[in-house]
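None of these values were measured; they are calculated from a predicted model. Below, read A as the first sequence line, B as the second, and so on, with proteins coming before strands; counting in each chain starts at 1.
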Amino acid sequence: MPEGHTLHRLARLHQQRFGRAPVVVSSPQGRFADAAAAVSGRVLRKADAWGKHLFHHYDGGAVVHVHLGLYGTFTEQPLPMTAPVGQVRMRMLGAEFGTDLRGPTVCELIDEGGVDDVVARLGADPLRRDADPGLAWARISKSRRSIGSMLMDQTVIAGVGNVYRSELLFRHRIEPHRPGTQLTEAEFAELWADLVALMKVGVRRGKIVVVRPEDDHGAPSYAADRPRTYVYRRAGEACRVCGATIRTEVMEGRNLFWCPDCQV
DNA sequence: GGCTTATGCGCAG
DNA sequence: TGCGCCTAAGCCA
């Protein structure tokens, strides 16, 4: 489930599992073989995330840059690992655990300058302490593009994906087509603060949690039918708050969902 | 078991 | 604008 919270959770996990120790890196599939050989045996100094990008910083200056795309995944096992199943792009072995990377859009070897290049193309990341929401507000407040489009623009805010986009706008009763110029600074401040809080919960829980307790009809957290979203993937169903029919359309090439009555 | 869909994004055209 | 990546969950039978 790769929105920004997933990558930050992985960075934290990889830091725990592999940090400050030598890592054996390989590419069972072969597509990452030369790069894997270049870092294998080196100490992983730091695992870090910015938006949906993950960076493994190795001693000596080499960095493995990973972007999961739509369906990339990491799975982990305690050692010894079983033989690779499917197309494993990268396998990492630490002291006690190993992990397999499958299906990423990007898995490449870069240097610290390359990290700077990637980060230079990314906006404020709600999950980073050094995030500057002022830069995002400067872009949004001057643009006639819709807020629904700009939330998906990683150069404006890094880490928000298609689920958080629809759900965040519902939570703030903002119609997704509203131009950035029509957003107030107070509305943006609330959106940002909520995004920071929601994505932190996402990191902690390992999944996107957006429905307020008062809207889940008291369903216990373990209930299978507990509502997980207000609008995402609920086109044609009744709004949980007002009962209106949830709408959908493609915006920025992705399915957008919203309530035509709650959101203005 | 098969089929559909997808939480992303770069690139061809 | 639409394709490719080529995984995995959810749904149906």
_With rounding to the closest Å, how many angstrom separate the P atoms on B:dT4 and C:dC3?_
15 Å
*asked:* On the nucleotide B:dC9, are OP1 or OP2 found under 4.0 Å from the side-chain N or O atoms that A:H67 carries?
replied: yes
*Roughly, in whole Å, what's the span from CZ in A:R205 to P in B:dT7?*
22 Å
*Using 30° and 60° as the class limits, which term best fits the ring planes of A:Y230 and A:F170: parallel, tilted or perpendicular?*
parallel
_d(CG, A:D117; P, B:dG10) in whole Å_ = 14 Å
*asked:* Please confirm whether the shortest side-chain N or O distance from A:R233 to OP1 or OP2 of B:dT7 is below 4.0 Å.
replied: no
*State, without any angle test, whether A:R139 and A:T155 hold a side-chain donor-acceptor pair at a distance under 3.5 Å.*
yes
*Between B:dT7 and A:K52, is there an OP1 or OP2 to side-chain N/O distance shorter than 4.0 Å?*
no
*Let me know the distance between CG of A:L10 and C1' of B:dT7, rounded to the nearest Å.*
13 Å
_Could you tell me how far apart A:I208 (CD1) and B:dA6 (C1') are, to the nearest whole angstrom?_
12 Å
_Spacing of the C1' atoms in B:dG10 and C:dA8 (rounded, Å)_ = 22 Å
*Hey, does A:R121 reach any base, or is it just sugar-phosphate, or nothing, if we go heavy atoms under 4.0 Å?*
nothing
*asked:* At less than 4.0 Å, is any side-chain N or O atom of A:R102 found next to OP1 or OP2 of C:dC6? Yes or no.
replied: no
*Please give, in whole Å, the distance from B:dT7 P to A:L168 CG?*
16 Å
*Would you call the rings of A:F55 and A:H65 parallel, tilted or perpendicular if under 30° counts as parallel and over 60° as perpendicular?*
parallel
*asked:* Among B:dA6, C:dT7, B:dG8, which nucleotide has an atom closest to any side-chain atom of A:T73?
replied: C:dT7
*Rounded to whole angstrom units, what separation is found between the CG atom of A:L68 and the C1' atom of C:dA8?*
13 Å
*Which nucleotide sits closest to the side chain of A:Q29: B:dC9, C:dC6, C:dT7?*
C:dC6
*asked:* Is there a path of hydrophobic side-chain contacts, each under 4.5 Å between heavy atoms of I/L/V/M/F/W/Y residues, joining A:V88 to A:L109?
replied: no
*Would you indicate which nucleotide in C:dA8, B:dT7, B:dG8 comes nearest to any side-chain atom of A:M152?*
B:dG8
*Could you work out which one of C:dT7, B:dA6, B:dC9 sits closest to the side chain of A:N255?*
B:dA6
*Report yes if a side-chain nitrogen or oxygen of A:T105 is closer than 4.0 Å to either non-bridging phosphate oxygen (OP1 or OP2) of B:dG8; otherwise report no.*
no
*Just checking, is any N or O donor in the side chain of A:Q154 or A:H53 under 3.5 Å from an acceptor N or O on the other one?*
no
*d(CG, A:L70; P, C:dC3) in whole Å*: 15 Å
*Give the cluster check for A:V163 versus A:L7: same hydrophobic cluster or not, with ILVMFWY residues linked at side-chain heavy-atom distances below 4.5 Å.*
no
_By the 4.0 Å heavy-atom rule, please label A:Y232 as base, sugar-phosphate, or nothing._
sugar-phosphate
*For atom CZ of A:F74 and atom P of B:dT7, their distance in whole Å*: 21 Å
